[in-house]
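Following: one structure in structure tokens, then a few remarks.
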Protein chains: 2
Amino acid sequence: MLDRTDFLILDELSKNSRITMKDLGEKVHLSGPAASARVIKLEERGVIEDYTIKINQAKMGYPVHAIVHIYTKNPNHQPYLSYIKKQNRYVVHNYKVSGESCYLLECRFPSNEELDEFLTGISNYVSYKLSIIIK
Amino acid sequence: MLDRTDFLILDELSKNSRITMKDLGEKVHLSGPAASARVIKLEERGVIEDYTIKINQAKMGYPVHAIVHIYTKNPNHQPYLSYIKKQNRYVVHNYKVSGESCYLLECRFPSNEELDEFLTGISNYVSYKLSIIIK
DNA sequence: TTAACTCCTTTCAAAAATAAAGTCAAACGT
DNA sequence: ACGTTTGACTTTATTTTTGAAAGGAGTTAA
């Protein structure tokens, strides 16, 4: 399905998604139009889902990075999920998981104060364990 | 420091990092060169760290997505860290965290068999708890 | 008032993207 | 064995985008 050249292309686009098709072509020993055609196919097949940027959240004012393990006491998760949705400025991911906990919440905060408020908020719906990411 | 227009630019680039400066300019009510100048500044300030793509890992053959909580028994983490480095084809992130566990490992596998092998491998160095991401 | 900045626009030459045409080789049916 | 189709590529030529340069408008400070 995917050949060596496709992998090289994905690798280059991962490193720099704004590379020109001409330069991408050179890197993978193809002409610009050929590289472009490959990329379009990768998009169509859904292998490339998105072109995006990595933002330095600390410089954006969100230096506190945390993982919160959620243990829902109530079988109805909706109140928790609604609350999370309302607090989405802090939430990076909310994974439903199998294992000990029910959800794994990755989030970012401007300060510990706001983290504290957030945790106070969710404790109305669920119990949790907190891990702060150090690096 | 960052104004409303910068936030709009970051938002648009997050959604599509390959947008042309001309189109980006239109979206944020600026000329192409003005948008381009803003973007260059955001890069220089380190707010934009990287232009990258989101790859559908399932279509790449890595459908199993897991978070592994690592508890190091030994105060010397090096053997664990070296092992992780060797297994980097599976590892998305290896966060050092404060809290109950020592590291939070986000990883992806082609199958449960390979997840099993990986876990067998790390159990030589550390103990762990596994969470499989369902969605 | 004037000078120095900042941030923008417009203009235009150079570079890149894209559409189109043509080449080549492998696969397939007759 | 021959012609046809298909897929992936290159080259060429047109269109579009980029990025440099020049200049204007608003702000601040001497």
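Below, all heavy atoms of this structure are taken into account, side chains as well, without hydrogens, waters or symmetry copies. Quick note on labels: first sequence line is chain A, next is B, and so on, each numbered from 1.
The side-chain hydrogen bond (donor to acceptor under 3.5 Å, both in side chains) test applied to E117(B) returns no partner, not counting sequence neighbours. For Y95(B), the ring pair (Phe, Tyr, Trp, His ring centres under 6.0 Å) partners two or more places apart in sequence, or in a different chain, are H65(A), H93(B). Qualifying side-chain hydrogen bond (donor to acceptor under 3.5 Å, both in side chains) partners for N56(B), counting only residues two or more places apart in sequence or in other chains: E49(A). Taking the side-chain contact (heavy atoms from CB on, under 4.5 Å) definition, one finds that I55(B) meets it with L10(A), S14(A), V47(A), I53(B), Q57(B), M60(B), sequence neighbours left out. In this structure Y83(A) satisfies the ring pair (Phe, Tyr, Trp, His ring centres under 6.0 Å) test together with Y125(A), sequence neighbours excluded. E26(B) is linked by a side-chain hydrogen bond (donor to acceptor under 3.5 Å, both in side chains) to nothing, counting only residues two or more places apart in sequence or in another chain.
Grouping Ile, Leu, Val, Met, Phe, Trp and Tyr residues whose side-chain heavy atoms lie under 4.5 Å apart, directly or via other members, leaves V92(B) alone, with no other cluster members. Membership of an apolar cluster is not assigned to I134(B), as no side-chain contact below 4.5 Å to another ILVMFWY residue is traced.
Taking atom CG of L24(A) as the reference point, atom C1' of dA17(C) lies 13 Å away to the nearest angstrom. Distance CG (D23(A)) to P (dA14(C)): 19 Å, rounded to an integer number of Å. If you take CG of L30(A) and P of dG7(D), they are 17 Å apart, rounded to a whole angstrom. Rounded to whole angstrom, the span from the NZ atom of K27(B) across to the P atom of dT17(D) amounts to 14 Å.
The stretch residues 14-21 of chain B touches DNA chain D through T20(B), M21(B), each having a heavy atom within less than 4.0 Å of the strand. Within residues 35-49 of chain A, the residues approached by DNA chain D to less than 4.0 Å at the level of any non-hydrogen atom are R38(A), K41(A), in residue-number order.
The backbone N or O of I19(A) sits less than 3.5 Å from a side-chain atom of R18(B), completing a donor-acceptor pair.
Listed by first then second residue, pairs satisfying side chain to side chain donor-acceptor pair (under 3.5 Å) with a partner in residues 33-46 of chain B read D3(B)-R38(B), D6(B)-R38(B), E43(B)-Y51(B), not counting sequence neighbours.
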Enumerate the protein-to-nucleotides 12-16 of chain D contacts in which both atoms are nitrogen or oxygen and the separation is below 3.5 Å.
none

